Structure formats: structure tokens, C-alpha cells
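In the text below, chain A, chain B and the rest are named by the order of the sequence lines, each starting its count at 1. Computed from a prediction, not measured in an experiment: that's the story for all the values here.
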2 protein chains.
Amino acid sequence: MKIGQLAKTVDLDIQTLRYYESQGLINEPQRLENGYRDYPQNSVERLRFIKKAKLVGFTLKEIKDLLAIQVTKDEHTCQEVKNFTQIKLDEINQKINELSEIKAALQKIHTSCCGGEETAAHCSILQALEN
Amino acid sequence: MKIGQLAKTVDLDIQTLRYYESQGLINEPQRLENGYRDYPQNSVERLRFIKKAKLVGFTLKEIKDLLAIQVTKDEHTCQEVKNFTQIKLDEINQKINELSEIKAALQKIHTSCCGGEETAAHCSILQALEN
DNA sequence: TTAAACCCTAAAGTGTACTAGAGGGTCAAA
DNA sequence: TTTGACCCTCTAGTACACTTTAGGGTTTAA
Ligand SMILES: [Zn+2]
Ligand SMILES: [Zn+2]
Ligand SMILES: [Zn+2]
Ligand SMILES: [Zn+2]
């Protein structure tokens, strides 16, 4: 399968596929006589794995590690795999908490501003940021 | 006040201060005879404003705009100011929602994994990512 | 006097995940 | 035969907010 076909199948850019190859996320495919990449069928599954993992918040580097486990499942344990998702969950929770704090702080000063059309000389938002 | 003193006072890197200057977030300070930057006292407040605004989720560009309003308060309205924070609040809410969705998806596959020490050949996390 | 601590500029590097551009070769159909 | 669609490599650009490096000059205390 040539790169254009693969790109269409998995709905990714041709450049993205070459980029993933350069980052070691997919193996270098064999080449046709003219130098074109010739992907095996399982490239489709591998790329779908990558897309799913991205969707649930993994970075490309993390996905690379995850793929290393996936292709040698027998040499790894559920524990190892679950560690990945646990760490990711912790990170996501932390980000949500940080954003929630920011939101609360912003909400507070937002609510106290009158929003009127007079000059902002007395604006409570600016005052809050000044202190 | 020289840059090192200011950096210590507001707890920012010297380079960061010069970077903020290059981005127009703080005015170019006067120079001493030897060429060293000599900051006025109000730089401290200005930088604290910037730090607070960053904490509340504004980008440097947005802070620049906000500062433009702040120094010419009389020419702007509360409405304008409140618009800024409203937009920011919307963005933060959207980010939280996105993260919550990712969290839910990840949580789901995470919970279904046994986490045991046997081989990951049957791991439901990997299976979820494969399909 | 000399060493540490401080200051300067300008340019390049960092991380993330691509995206775009230059410049060129290959293939199928009209 | 020529047009258009496809493929190749290599390099650079994108956004953001710094951080680092190189190569200097200045001040202060021992
Ligand atoms: Zn008002
Ligand atoms: Zn107001
Ligand atoms: Zn298991
Ligand atoms: Zn498992």
C-alpha cells in the first residue's frame, strides 16, 4: 500500500505519516523499485492504535513506549500497562484542578465588575490584578 | 533598581525580564552610565500584574492588551475589560470540558484492566487501543 | 590585584506535533 | 506527448514562552 492510500485509509496527512516514521512510531516500510514507500497491511492497525492513544491524551513519546509494550505483549505485564494509564490519569486530574483554580479566581473578579459603559478607572478587575 | 534586584523582588529570571521588555510588556528602562538597566519602582507592580494575569490564564499577548487598557483606564470602559475575562472564562471552560472527556475515556479503559503481574497478552487497555 | 558576582547584546536552542516549501522524479490516461 | 496526480528528500517555519550560549564589559570585596 502506497502512502497516499494509507493516509486516506487512516485519515492522516502524508507528511504526518512520514513524520511518525522519522519519530520511530512506525517502522520504515519497504520500498518499491521506484523508491515509493510500500506499507504492509498492519500499518493500518498500528496507526489506528496511535490515533486512539492520542485521543485519550498520550503524547507521541508516550505512545512510542506504549507501542513497544504492545508489540511484545508477552514480555510485559498488565501492571506495566496500567501504570501508564494511571500516570496519565493523574496528570489529567492535575490539569483539571489547576484550570478549576484559575477559573474560580477569574470568575470571582469577573463577577465583581459592573461591565458598564463608563470609564474603567474604577474597574474591579484591574484593581484585583493590581494588588 | 538593577535587573538582578528586580528579578529577585518579583521572583522572575533576569532573562525573562529582558524577554518581557523585548515583547513590549514592560517599558525600556533608563540606563545607568555603564549601560545597566535602571528600573523605576513601579516596575515591581507592573510585573506583579503580569504574573497575576498569567496565573489567571492570560497569554503574554493578552496581558499586553490588558496592560494597554490598564495604563489608560480613563479611555476604556468596564464593558471592554469584562469582555476580556468573559472570553477567557469561556476558553477555560472549554479546556476543562475537553480534558474531562479525555479523562472519562481513559478512566473507562483503565478500570477494565486487571493490573496483575501476568503477561499483557490479554490486556484490555491494549485491546481498547487496538480496536 | 584578582576573583566572584554582576551586567550587556545578539543569536540560537528548547519542546510539541506537525505543516509548508523547494526542487525534483514517476506513472497513468487522454 | 503532455498533463495531472502521485511520490521522493531535505530544510525551514509555526506558536509559545522562555532558556542557553557565546563573547564580552563592570563592580565590589578580600
Ligand atoms: Zn465598572
Ligand atoms: Zn469593571
Ligand atoms: Zn490483565
Ligand atoms: Zn491489562
Roughly, in whole Å, what's the span from NZ in A/Lys54 to C1' in C/dA17?
7 Å
Could you tell me whether B/Glu21 and B/Arg37 have a side-chain N and a carboxylate O separated by less than 4.0 Å?
yes
Is a side-chain donor or acceptor of B/Lys51 paired with a backbone partner of B/Asp11 at a separation under 3.5 angstrom?
yes
When rounded to whole Å, the CD to C1' distance for the pair A/Gln5 and D/dA5 reads 14 Å
Side-chain donor or acceptor of A/Asn34 paired with backbone N/O of A/Tyr36 under 3.5 Å
yes
Using modelled atom types only, decide if a donor and an acceptor are shared between the side chain of A/Asp38 and the backbone of A/Met1 within a distance under 3.5 Å.
yes
What is the distance, to the nearest angstrom, from the CG atom on B/Leu55 to the P atom on D/dA17?
14 Å
Between B/Arg37 and C/dC7, does any side-chain N or O lie under 4.0 Å from OP1 or OP2?
no
Positions of residues 9-33 of chain B (non-hydrogen atom under 4.0 Å from DNA chain C), listed by number:
B/Ile14, B/Arg18, B/Arg31
Rounded to whole Å, please give me the gap between CD1 in B/Ile63 and P in D/dC18.
9 Å
Main-chain N/O of B/Thr77 paired to B/Glu80 side chain as donor or acceptor, under 3.5 Å
yes
For A/His110, the option from B/Lys82, B/Gln86, B/Lys88 that meets side chain to side chain donor-acceptor pair (under 3.5 Å):
B/Gln86
In whole angstroms, the gap separating P of C/dC7 from NZ of B/Lys8 amounts to 9 Å
Kindly compute the distance separating CD (B/Glu118) from CD (A/Gln79), expressed to the nearest 0.5 Å.
9.0 Å
Value in whole Å for how far the P atom of C/dA17 lies from CZ of A/Phe58
13 Å
B/Thr72 side chain to B/Glu75 main-chain N or O, any donor-acceptor pair under 3.5 Å?
no
D/dC18 P sits how many Å from B/Lys61 NZ, rounded?
16 Å
Rounded to the nearest angstrom, tell me the gap between atom CG in B/Leu60 and atom C1' in D/dT19.
14 Å
With a 3.5 Å distance limit and no angle check, can you tell me whether B/Thr9 reaches the backbone of B/Gln5 through a side-chain donor-acceptor pair?
yes
Classify every nucleotide of nucleotides 23-30 of chain C by which part a protein heavy atom approaches to under 4.0 Å, writing B for the base, S for the sugar-phosphate alone and - for neither, in 5'-to-3' order.
--BBS---
